[in-house]
Amino acid sequence: MPRFSKTLRVPYGPAECFQLVSDIARYPDFIRWITAMRVTGARELQPSVNECQGEAVVGFKGFTERFTTQVVADEPAKRVTAALVRGPFRKLFAEWRIFETVGGATDITLEIDYEFRNPVIGFLAAANHDLATDRILNAFLVEAQRRFGKSAVP
């Protein structure tokens, strides 16, 4: 049952990083294997804490899968979580944590705990999860540069 965590330091403030990570509707714009995302049921749980469902279509090397997660974006905590509602997983939980560091830079940590129902897909995913995580984090960095410029930190 793969569980892994990776942290990326970026030259942007926590507010910009939270805005980027919590904007799941735009993931297909910059994460190339997310081919579609439908966001439904958006509601505010409390001030600056929002919840929705995200139904993603993912395509990779001939495989296409659809899955739905319950997403909670907690701006005061600078935390975004996604928990499995339905899809090809036995379990899936992803958590983004955003921490301001020295000089106004930010550490973005992505932690994912998952298990596929199909053992073949699970084996392939486990063998490639470091590469996939690096590509996801790099996609967020490139999108941050596109949205916010080379650096939002003075």
Side-chain angles (χ1 to χ4, degrees), residues 1-60 65-117 122 125 129-130 132-154:
M1 294 184 272
R3 179 185 188 104
F4 58 94
S5 178
K6 199 156 258 197
T7 300
L8 175 68
R9 180 160 290 171
V10 297
Y12 302 97
E16 289 84 11
C17 293
F18 180 81
Q19 176 188 356
L20 179 64
V21 169
S22 64
D23 188 6
I24 67 167
R26 292 185 54 193
Y27 282 14
D29 295 345
F30 61 95
I31 301 174
R32 68 177 205 218
W33 57 80
I34 297 179
T35 59
M37 176 71 75
R38 185 171 68 128
V39 177
T40 60
R43 66 187 182 110
E44 186 174 63
L45 297 176
Q46 52 187 291
S48 300
V49 179
N50 297 295
E51 177 184 63
C52 67
Q53 282 196 353
E55 182 180 349
V57 178
V58 178
F60 185 75
E65 293 288 350
R66 180 181 306 265
F67 64 94
T68 303
T69 56
Q70 192 72 27
V71 178
V72 177
D74 185 336
E75 190 171 4
K78 299 291 187 264
R79 180 175 179 252
V80 178
T81 60
L84 180 66
V85 173
R86 67 182 158 276
F89 301 93
R90 276 198 176 91
K91 70 175 183 174
L92 171 65
F93 184 79
E95 179 178 50
W96 295 88
R97 292 184 313 268
I98 300 164
F99 303 98
E100 187 169 12
T101 64
V102 294
T106 301
D107 281 349
I108 302 174
T109 298
L110 171 59
E111 186 170 316
I112 301 176
D113 185 11
Y114 70 95
E115 181 179 359
F116 280 95
R117 292 184 202 284
H129 73 255
D130 280 333
T133 305
D134 287 344
R135 287 187 176 170
I136 289 169
L137 289 172
N138 187 59
F140 276 89
L141 178 58
V142 169
E143 180 65 8
Q145 291 168 342
R146 190 190 69 73
R147 285 191 198 187
F148 309 125
K150 289 294 180 190
S151 175
V153 175

TODO: State the CG-OG distance between Asp113 and Ser5, to the nearest 0.5 angstrom.
DONE: 11.0 Å

- [ ] Please report the shortest heavy-atom distance between Glu65 and Pro88, naming the atom on each side.
- [x] OE1-CB, 3.5 Å

Task: Distance-minimising heavy-atom pair for Pro76 and Pro47 - done: CG-O, 4.4 Å

TODO: Find the distance between CD1 (Ile136) and CZ (Arg32) and round it off to the nearest 0.5 Å.
DONE: 11.5 Å

Task: Intermediate values then yes/no, side-chain contact (heavy atoms from CB on, under 4.5 Å), Tyr27 and Val21 - done: CA-CA 9 Å; Tyr27 282 14; Val21 169; 4.1 Å; yes

Task: Shortest non-hydrogen contact between Gln70 and Val85, atoms and distance - done: N-CG2, 3.5 Å

Task: Min side-chain heavy-atom separation Asp134-Lys6 under 4.5 Å - done: yes

Open item on the list: Treating Arg9 as the side-chain partner and Asp107 as the backbone partner, does any N or O pair qualify as donor plus acceptor under 3.5 Å?
Closed with: no

- [ ] Assess whether side-chain contact (heavy atoms from CB on, under 4.5 Å) is satisfied between Ile24 and Cys52, documenting all intermediate values.
- [x] CA-CA 10 Å; Ile24 67 167; Cys52 67; 3.8 Å; yes

Open item on the list: Taking the side chain as everything from C-beta on, heavy atoms only, tell me whether Val57 gets closer than 4.5 Å to Arg66.
Closed with: yes

TODO: Check for a donor-acceptor pair, side chain of Tyr114 on one end and backbone N or O of Arg90 on the other, with a separation under 3.5 Å.
DONE: no

Open item on the list: A side-chain contact here means heavy atoms from C-beta on lying under 4.5 Å apart; do Phe99 and Arg97 qualify?
Closed with: yes

Task: Rounded distance [0.5 Å steps], CZ in Arg86 versus CD in Gln53 - done: 6.0 Å

- [ ] Check the angle between the aromatic planes of Tyr12 and Phe148 and answer parallel, tilted or perpendicular using the 30° and 60° thresholds.
- [x] tilted

Task: Basic-acidic side-chain contact under 4.0 Å: Arg146, Asp29 - done: no

Open item on the list: Taking CZ in Arg38 as the centre, count heavy atoms belonging to other residues, nucleotides or ligands within less than 6.0 Å. Is the count above 12?
Closed with: no

TODO: Please name the pair of heavy atoms, one in Phe140 and one in Leu20, separated by the smallest distance, quoted to 0.1 Å.
DONE: O-CD2, 3.3 Å

Open item on the list: Measuring from atom CD1 of Ile98 to atom OG1 of Thr7, what distance do you get when rounded to the nearest 0.5 angstrom?
Closed with: 11.5 Å

Open item on the list: If I compare all heavy atoms of Thr35 with all of Val58, which pair ends up nearest, and what's the gap?
Closed with: OG1-N, 4.4 Å

- [ ] Decide yes or no for Phe30 and Val142: does some side-chain heavy atom of the first lie under 4.5 Å from some side-chain heavy atom of the second?
- [x] no

- [ ] Quick one: closest heavy-atom pair of Ala25 and Met37, and the distance?
- [x] CA-CG, 4.1 Å

Open item on the list: Quick one, Asp23 and Arg147 - any side-chain contact, counting heavy atoms below 4.5 Å?
Closed with: yes

Open item on the list: Is there a side-chain contact between Phe4 and Ile112 in this structure, where contact means two heavy atoms from C-beta onward sitting under 4.5 Å apart?
Closed with: yes

TODO: Provide the full list of salt bridge (charged side-chain N to carboxylate O under 4.0 Å, His left out) pairs with a residue in residues 69-80, sequence neighbours left out, each pair given once.
DONE: Arg79-Glu95

